[in-house]
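Okay, structure first, notes after.
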Amino acid sequence: MNYQNITLEIKNRTALVTINRESKLNALNRDTIAELKDAVNQAETDESVKGLILTGAGQKAFVAGADIQEFLGKSKEEAQAMSQLGHDLMNKIANLSKPVIAAINGFALGGGLELALCCHIRIAAASAKMGLPEVSLGLIPGYGGTQRLTDLVGKGKALEMILTGDMVDAQDAYQWGVVNKVVELYELEETAQNILDKIYSRSASAVSAAILAINASLDRNVDGYGLEIRTFAECFGSEDFTEGLSAFTEKRKPRF
Ligand code: COA
């Protein structure tokens, strides 16, 4: 696929995916969502890629939301299809077997915050601002925000953020648990890469299994405890487990 709205660069075993519509503050239109899905699929199947960083082009915005222009004149059926497309992308990222970090370089609003929320880890620049302002448009979040924000910060804070539609700064977002870490803008990509490098030094199969089991905790249709028991047991059959135990016994670093 030839990308018009994003860039995909593979370096240091990481797929760096940059949403690249700076003049529209990287708003997610339909084409951008399709390109993101393609890039995530590519990163998933490329064995040289061990993890992903998602970020926005420029210094102003990560993603300032779904593209509001595309809302104009949409029927309820079309709106449902549009929401479903966003959900498909966000679910794909949330359930990816490789770690995904959102490097939030500026405004992460509406669908932009929802994109960050579906990533496994969020690092924000100190200058970033985040919010779900949909109620000011007569809408509610439609790409998983009502669920994922609530999972992260609890019902009380999620209600406050979504009902007021207010933006929060990076420090408040950190204190509330929306983001894992706040750094200066110039340190953002390096910080995300450092976290990925740490994860790459661990067992990739165990990392995938952990993502699966943690995600199960949020799925009301799955017995998360049961899945953890099965997934834990499956690790015993892996080469990485053999290597991890040998390394521990031989008092050396594991070679995964
Ligand atoms: N969808 C489509 N276009 C968007 C957009 C979005 N979500 N967010 C910003 N843009 C566009 C603007 O329309 C403008 O385009 P133009 O130059 O062709 O008019 C351009 O990006 C720059 O935005 P602008 O509003 O001029 O920048 P600003 O610095 O004055 O304000 C924001 C920045 C983020 C506060 C403001 O753009 C904003 O409120 N955006 C919408 C946020 C939102 O409601 N997101 C949820 C959508 S569900």
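Atoms within a ligand are numbered from 1 in the order they appear, just like the ligands themselves.
Applying the side chain to side chain donor-acceptor pair (under 3.5 Å) rule to pairs touching residues 158-183 yields K157-E160, sequence neighbours excluded.
Under the 4.0 angstrom criterion, atom 21 (O) of ligand 1 counts as having a protein heavy-atom contact. Counting protein heavy atoms under 4.0 angstrom from atom 30 (O) of ligand 1 gives zero. For atom 24 (P) of ligand 1, no protein heavy-atom neighbour is found at a distance under 4.0 Å. In this structure, atom 38 (C) of ligand 1 has no protein heavy-atom contact shorter than 4.0 Å. There is a protein heavy atom closer than 4.0 angstrom to atom 15 (O) of ligand 1. Distance check for atom 12 (C) of ligand 1: every protein heavy atom is found at 4.0 Å or beyond.
Between M167 and ligand 1, no N or O atom pair is found at a separation short of 3.5 Å.
Ligand 1 is approached by K60 to a heavy-atom distance shorter than 4.0 Å. Using a non-hydrogen distance threshold of 4.0 Å, A66 registers as a contact of ligand 1.
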Atom pairs and distances, donor-acceptor, side-chain atoms in residues 87-99, under 3.5 Å, two or more places apart:
{"unit_1": "H87", "atom_1": "NE2", "unit_2": "G142", "atom_2": "O", "d": "3.1"}
{"unit_1": "H87", "atom_1": "NE2", "unit_2": "G144", "atom_2": "N", "d": "3.4"}
{"unit_1": "D88", "atom_1": "OD1", "unit_2": "Q84", "atom_2": "NE2", "d": "2.9"}
{"unit_1": "N91", "atom_1": "OD1", "unit_2": "R148", "atom_2": "NH2", "d": "2.8"}
{"unit_1": "N91", "atom_1": "ND2", "unit_2": "H87", "atom_2": "O", "d": "3.2"}
{"unit_1": "K92", "atom_1": "NZ", "unit_2": "N41", "atom_2": "OD1", "d": "3.2"}
{"unit_1": "K92", "atom_1": "NZ", "unit_2": "E44", "atom_2": "OE1", "d": "2.8"}
{"unit_1": "N95", "atom_1": "OD1", "unit_2": "N215", "atom_2": "ND2", "d": "3.1"}
{"unit_1": "N95", "atom_1": "ND2", "unit_2": "N91", "atom_2": "O", "d": "3.0"}
{"unit_1": "K98", "atom_1": "NZ", "unit_2": "A43", "atom_2": "O", "d": "2.9"}
{"unit_1": "K98", "atom_1": "NZ", "unit_2": "E44", "atom_2": "O", "d": "2.9"}
{"unit_1": "K98", "atom_1": "NZ", "unit_2": "D46", "atom_2": "O", "d": "2.9"}
{"unit_1": "K98", "atom_1": "NZ", "unit_2": "V49", "atom_2": "O", "d": "2.8"}

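M1 is connected to V17 through a chain of hydrophobic side-chain contacts under 4.5 Å among Ile, Leu, Val, Met, Phe, Trp and Tyr, so both are in one cluster. F62 and V168 end up in the same hydrophobic cluster when Ile, Leu, Val, Met, Phe, Trp and Tyr side chains are linked at under 4.5 Å.
What sits closest to atom 1 (N) of ligand 1 on the protein, heavy atoms only, is I68 N, 2.9 Å. Here the protein heavy atom with the shortest distance to atom 18 (O) of ligand 1 is K24 NZ, 2.5 Å. At the top of the distance list for atom 33 (C) of ligand 1, counting protein heavy atoms only, stands L25 CD1, 3.6 Å.
In A27, the part holding a heavy atom less than 4.0 Å from any atom of ligand 1 is the side chain. The part of S23 lying near ligand 1 is the backbone, judged by heavy-atom distances below 4.0 Å.
Every atom of ligand 1 with a heavy atom of P133 under 4.0 Å away is listed here by number and element: 43 (C), 44 (O), 45 (N), 46 (C). Less than 4.0 angstrom separates some heavy atom of D67 from each of these atoms of ligand 1: 1 (N), 2 (C). The ligand atoms of ligand 1 that sit less than 4.0 angstrom from a heavy atom of L109 are 34 (C), 42 (C).
Which of A64, A61, G110, S136 comes nearest to atom 45 (N) of ligand 1 through a heavy atom is settled by distance: it is A64.
A salt bridge is defined here as a Lys NZ or Arg NE, NH1 or NH2 lying under 4.0 Å from an Asp or Glu carboxylate O, and E47 with R13 fails to meet this definition. Comment: E35 does not engage R21 in a salt bridge, judged by the lack of any side-chain N to carboxylate O separation of less than 4.0 angstrom.
A donor-acceptor contact closer than 3.5 angstrom is absent between the side chains of N194 and T191.
The heavy-atom pair separating C235 from F241 by the smallest distance is O-CB, 3.1 Å.
Within a 6.0 Å sphere centred on CD of E239, other residues, nucleotides and ligands contribute 12 heavy atoms or fewer. Heavy-atom contacts from other residues, nucleotides or ligands closer than 6.0 Å to CD of Q69 number 12 or fewer.
The residue from L85, L115, I33 that alone fulfils the side chain to side chain contact (heavy atoms under 4.5 Å, CB included) condition with Y143 is I33.
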